Amino acid sequence: MSRYNFKETEAKWQAAWNAQGTFRAVEDPSRPKYYVLEMFPYPSGRLHVGHARNYALGDVVARYKRAQGFNVLHPMGWDAFGLPAENAAIANKVHPAKWTFQNIDVMGGQLRLLGLSYDWSRELATCTPEYYVHEQRLFLDFLDKGLAYRKESWVNWDPVDQTVLANEQVIDGRGWRTGAPVEKRKLSQWFLRITHYAEELLDALATLDRWPDKVRLMQERWIGKSSGLRFRFDMVGRPDTIEVFTTRPDTLYGASFVALSPNHPLAAELAEKDPKVAAFIAECNRLGTSEAAIETAEKLGHDTGLRVAHPFDPDRTLPVWIANFVLMEYGTGAIFGCPAHDQRDIDFARKYDLPVIPVVVPETEDPATFSVENEAYTGPGLLRNSGFLDGLDVEAAKRAAIARMEELGRGEGTTVYRLRDWGVSRQRYWGCPIPVIHCDACGVVPVPRDQLPVTLPEDVSFDRPGNPLEHHPTWKHVSCPQCGGAARRETDTFDTFFESSWYFARFASPQYAKGPFTREAAQYWLPVDQYIGGVEHAVLHLLYSRFFTRAMRDCGYLDLAEPFAGLMTQGMVTHATYREAGGDWLYPEEVEIRDGRPVKRAGGGSVEVGRLEKMSKSKKNVVGLEHMVETYGADTVRLLLLSDSPPDRDLEWTEAGIDGAWRYVGRLWRFVTEPSLPLPPHGAPAPASFGEKALAARRATHKTIAAVTQDLDRFHFNKAVARIRELTNTLAELDGAGEGAPEDQAWALREGAEVLIKLVNPLMPHLAEELWQRIGGTGLLADQSWPAADPSLVVEDTVKVAVQVNGKLRATIDLPRDAAQPEAEAAALAEPNVQRAMEGKPARKVILVPNRIVNVVV
RNA sequence: GCGGACGUGGCGAAACCGGUAGACGCAGCAGACUUAAAAUCUGUUUUCCGGAAGGGAGUGCGGGUUCGAGUCCCGCCGUCCGCACCA
C-alpha cells in the first residue's frame, strides 16, 4: 500500500504550472473571458485557515471555468493601507511600510503554498505610489465633475491623546487606549457625492440577478428611499423657522413636540447662551459618532423652552426639545414627535410626560375609547381628531396633508434617502495622501496633475499621538501652485475603502502607468464575473465600488455601471475557544484531551471550552495555515474548506474534519494507483457491450458528471464533494466478479477514474495532476477540458416511486419512467401494505406526481 | 434601537418548484486483517414499541393552508452579521 507524498507532489506541480505560465491571463478577443475575484486581503500578519476559505472557493471557480474553455482572469493583490499598520508602528516601533511589506511577503508565501491558480504577474499592493497615483488622479477628476466636495462633519475625538478615533476604537464611549470619555468634534473634510447616484444605485439592484437577495435587500434598505413631507414650523417669538422632515404627514395633528438633533445649528446657537443646553449637548456627544451607540442609548431630551406654532392650527403650540436620538445626518436634523404612532416618540413622551394623542384609529376599534399606552400604533386606520383629515385613511391623509402644506407655502412633498455622502478624509498617516493644497489666498488648490503622485514621507515618527503628517517638519509646507505663496499640503489621507473601490479594474492592466487601466483591457475583462467575499462587506465596500464604477464611467474611463456581475458571500470559519482558569485565552495547540477532559498541554491545568467563534487573533482560536499545509498538504486543507458546509454558511474547523479529508485523499490515491482491475491504456476503444455491473458503474459515472457540473455552477461545493465521494465508493466495488466480462468492468473503471480525476481537479489540483500523470494522461490536467455526461447514461428506465395512503408512506414500487396514471395507480393499489393501510375503504382520489409519488386518499 | 440572515440525528450537513427527511462525511458500536497497535476494509447507527413483519413520533416553539409542509402563511423563542472612521 503506497502512501501519497503530498510534500513532493504539491511542490512539483506548483513548479510545473509556474514554469509553463499556466495561469497567466492574456487578452484574447476570440475567446470568452471569465473574471474571478476574491476580495483581496489586508496584510495583517499571518494567514489562518479561516482566511484560506475565500481563496479556496475562488480557485475552484477559476479552475472549473478554465476547464470549461473560458479565458480566465484570476488575480490577487493586497489592500495594504490601514489602521493596523499604524497600531503596529506605535506598539512595536516598526514603520508601517516595513510592517506591511513584511506581512505581504509572509502571506504571499502562504498563499502560494495552497496552489491557487493566480496570475501572480498581476499582483499589486495599494500602498505603492504606482497604485495610488491613479487614485489621486481619479480624485481630481471627481473634483472637476463636482463629485468631490468639502464640508464639516463630526469625528470621535480623544481629548487625552488629542487624536481622532475610529468607531472601533471607541469602547463604551471611551477611547480604547486612554479610557477617556470620547468627544465629538467638527472638522472640515472631503466627501464624495454618492447620493448623486442614489436613485441609479437603487434601480440597478434589480439587474444584479447573480447577487444574493439578502445583499440586494440590505443595499436597498441602506439607500433607504422614502417619500414624505418637508416643512417649516414658525417659532413663537422668533422670526426664523425650524424645518423638519416626516414620512408620516398624516399624523401631524397628533404632534406633541418638536425635537432637534444635538448637532442642529439651532441647538448650537442656544448652547452659546444657555450653559444647561451646552452641558446637555456635551453629554450627547460623549456617545461618539456611531449610529448603533446613539440608537441603543437611553433616550434623553432637554426642553429648550422655545415653542413652535402648529402649521394647521396656529392656536396650538408645541415645545421644542433637543433629543439624543435625532440624527443630524438624516432629513433635516429635526423632527416632530407624534407619540401615538411612533415607538421612539412614545418612549420619549412617556419619559418626559408629553401628551399622547391618537389620530389614526384602526377600523376595528371604537374611536371614543381607543388609546395608546406604551406601544405606538403604526398600522392602518382612519384619521380622527385631525381637522380636515378626519375620516381619511392613512395614505389619503398623507396626500391631503402634503397638498395643504404646499398650498400654504410652508412645505413640499419630497423624497429623501438614508444614504449619506461618503466622507473620505482620515486624519492618519498610512493612507493615500489627498492631493490638494490649502492656500490662504487661493483657498483649496488641487495639486497639478504633472506633480502627482503626492507620496508619503518616510521619515515619520509615531512617538506622539495624532497624525504624523501633521507633525512632520517639512512635508506639508509647500508653495501654492496658483499664486506661488506659502501654502499647506492637505495632511488627511483617504479612507482605505477608496483603494478597494476600484482595484478590480486595475487588475485588468496592473502595470499601465498612464492611467488607472487601459480602455481595451477594461473592455475585455470587466465586469468581474464572479466576486467572492464575506457578507460583512454586503453594504459599504460593495456599494462604494458600485458608486466608483459609475463615477469612473462619468469621467470617461469605461462604459460600465456595475463592477460585479456575480457575487457569492461566504460564511466565517469558526473554532471553539479555550480559556484557562486564570481567564487567559489559549491557542488550540496548547490544549489537549486527557481522560476525556480538556487540559492545558503544559502543566495540565483545567481548560474551559467556550463557544464557537469566528477565528480571530484576539481569542486565539486560530489554526495556522502553514502548520496545516505542512501536516496534511494543501489539497487536504482545501477539501475540508470546501466540503463540510455550503459556502454561505459558517464552517467549523475541527481536527476530526481535517482527518476525514486526509483519509479521502489517501483513498482516492490508492483507488487510482492500485486499481482493483488492470486498467486498459488511456484512449483504449470501448468494448462492444457492457455487462450489468459495468453498465451500472458507467451510469454512476455519467450521472456524477451531470450532478457535479450542476453543483459547481451553483457553488454547492459541499454537495459536489459528496457526489465525488459517492462515485469513488461505487467504482471501488468493481472487482471483475459477477455477470459480464472483467474487461467491461476494467474499461468502466478506467473511464470512471479519469472522470473522477477531472472532477476533483478544481478542488484538489495537485493530487489530480499527479493521478492524471500516473494514469497515463497526456499534458497538464490543468489544460484538459471538463468531462461531458452522456445523456443516454444519465436517465434510468425504471424509477422508485413512493406510495402514500393519506399522505403517509406505506410502500415503494418500481415503475417505468414517466408511467401514466392508470399504470401507477394499479401498481400502487396492488401493494399489500397499501391495501392494509386503506382498511378496505375505496380510494376517493389518487394523486400522481410522475416519477416521485402516488398518494391514495381514502 | 434599526436593518439582514440562520435554526434538520451525538456532530457538519443533504432534501431542485410543496412530493420517500437524514444523501455524503465525522464521531460511536460490532467485525475482518495484525503478535499488538496504527493504517485499511466490511457492517451498523434519528428516536420509541416489536424477535421479526410492521407501527408510532420526529426538521427551535405554537397555530394555519394543503391530498401532502423541513420547504408556504401568521405569531413567538434563540443565535449570528451590519449600522457609515476595522477591513
Side-chain angles (χ1 to χ4, degrees), chain A residues 1 3 39 41-42 44 79 81-84 87 155-156 164-170 189 212-215 217-218 220-222 224 288-297 299 325 329 343-344 347 418-428 495-497 500 534-541 543-544 571-572 574 611 613-614 643-646 648-652 654-657 659-661 663-664 666-667 670 710 714 716 718-719 721-726 729 732 800-812 833 836 844-847 849 852-858:
Chain A
M1 195 163 75
R3 248 174 115 84
M39 290 180 185
Y42 178 77
S44 56
D79 188 12
F81 273 137
L83 207 44
N87 293 336
V155 294
N156 299 307
V164 177
L165 297 176
N167 278 340
E168 134 181 292
Q169 298 172 320
V170 178
Q189 309 200 62
D213 289 343
K214 63 172 175 180
V215 174
L217 193 58
M218 278 191 255
E220 185 184 325
R221 298 289 161 96
W222 186 265
T289 60
S290 127
E291 194 175 311
I294 291 166
E295 293 222 21
T296 46
K299 288 181 183 46
F325 64 90
E329 291 80 12
Q343 192 57 41
R344 287 195 294 192
D347 293 343
R418 207 184 73 98
L419 181 68
R420 313 200 290 257
D421 277 337
W422 173 15
V424 293
S425 296
R426 298 290 181 272
Q427 295 69 41
R428 312 203 183 284
D495 177 5
T496 58
F497 274 123
S500 56
V535 242
E536 64 272 23
H537 295 291
V539 176
L540 292 180
H541 161 59
L543 195 61
Y544 290 153
M572 309 176 295
T574 62
R611 21 177 249 135
E613 294 197 61
K614 177 180 179 171
S643 66
D644 261 26
S645 283
D648 57 351
R649 224 188 282 186
D650 289 353
L651 177 121
E652 185 190 353
T654 60
E655 276 296 307
D659 284 342
R663 216 168 299 157
Y664 180 70
R667 191 168 152 77
R670 289 187 301 276
Q710 200 183 62
R714 295 178 184 172
H716 294 172
N718 56 325
K719 284 160 66 182
V721 170
R723 287 184 162 128
I724 288 169
R725 294 181 107 126
E726 213 168 4
N729 293 342
K800 285 223 180 309
V801 172
V803 183
Q804 299 180 335
V805 178
N806 289 338
K808 272 190 190 291
L809 180 73
R810 295 299 170 187
T812 55
N833 231 13
R836 191 170 339 122
R844 277 200 295 131
K845 196 156 113 185
V846 179
I847 292 153
V849 182
R852 286 200 171 263
I853 233 169
V854 179
N855 190 12
V856 182
V857 186
V858 297

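Since we're looking at a predicted model, the values are computed, not measured. In what follows, every chain begins at residue 1, and chains take the letters A, B, ... in the order their sequences are listed. Hydrogens, waters and symmetry mates play no part in the numbers below; they use all other heavy atoms, side chains included.
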Salt bridge (charged side-chain N to carboxylate O under 4.0 Å, His left out) with D495(A): which residues, sequence neighbours excluded?
R426(A)
Can you tell me, in whole Å, how much space there is between the P of A53(B) and that of U65(B)?
37 Å
Below the 4.0 Å mark, does A13(B) have OP1 or OP2 next to a side-chain nitrogen or oxygen of S645(A)?
yes
Could I get the full list of side-chain contact (heavy atoms from CB on, under 4.5 Å) partners for N806(A), not counting sequence neighbours?
V857(A), V858(A)
Pairs under 3.5 Å (N/O, protein and nucleotides 64-72 of chain B):
from   : atom 1 : to      : atom 2 : distance (Å)
C67(B) : O2     : N855(A) : ND2    : 2.5

Of Q343(A) and Q710(A), whose closest RNA chain B nucleotide lies nearer the 5' terminus?
Q343(A)
Contacts of F497(A) meeting ring pair (Phe, Tyr, Trp, His ring centres under 6.0 Å) (sequence neighbours excluded), chain-then-number -> Y544(A)
Could you pull out all residues at least two apart from D659(A) that satisfy side-chain hydrogen bond (donor to acceptor under 3.5 Å, both in side chains)?
Y632(A)
Mind checking side-chain hydrogen bond (donor to acceptor under 3.5 Å, both in side chains) for W222(A) and listing every partner two or more places apart, or none if nothing turns up?
none
Would one find a side-chain N or O of R649(A) under 4.0 angstrom from OP1 or OP2 of A14(B)?
yes
Strictly below 4.0 Å: does T496(A) bring a side-chain N or O up to OP1 or OP2 of A87(B)?
yes
Sorted by chain and number, sequence neighbours left out, side-chain hydrogen bond (donor to acceptor under 3.5 Å, both in side chains) with E291(A) holds for none
Please determine whether a side-chain nitrogen or oxygen atom of R420(A) lies at a distance below 4.0 Å from atom OP1 or OP2 of A84(B).
no
Donor/acceptor link under 3.5 angstrom from Q427(A) side chain onto base of C85(B)
yes
Atom CG of D648(A) and atom P of G82(B): how far apart are they, to the nearest Å?
16 Å
E536(A) (side chain) and C83(B) (base): donor-acceptor pair under 3.5 Å:
no
Scoring nucleotides 23-31 of chain B by protein non-hydrogen atoms under 4.0 Å (B base, S sugar-phosphate only, - none) yields BSSSS----
Min side-chain heavy-atom separation Y664(A)-V721(A) under 4.5 Å:
no
Can you check each nucleotide of nucleotides 48-59 of chain B against protein heavy atoms at under 4.0 Å and return B for base, S for sugar-phosphate only, - for none, in 5' to 3' order?
------SSSS--
Using a 90° cut-off around 0 for syn, call G54(B) syn or anti.
anti
Options G1(B), U20(B), A87(B), nucleotide nearest the side-chain atoms of P84(A)
A87(B)
Mind checking what makes salt bridge (charged side-chain N to carboxylate O under 4.0 Å, His left out) contact with E295(A), not counting sequence neighbours?
R344(A)
In whole angstrom, what separates E652(A)'s CD from C80(B)'s C1'?
15 Å
Listed partners of R667(A) passing side-chain hydrogen bond (donor to acceptor under 3.5 Å, both in side chains), at least two apart:
N729(A)
With sequence neighbours left out, write down each residue that passes ring pair (Phe, Tyr, Trp, His ring centres under 6.0 Å) with H716(A), or none if nothing qualifies.
none
Atom-to-atom span, CD of E295(A) to P of G82(B) - whole angstrom:
17 Å
If the glycosidic angle is within 90 degrees of 0 it's syn, otherwise anti, so just tell me which one C77(B) is.
anti
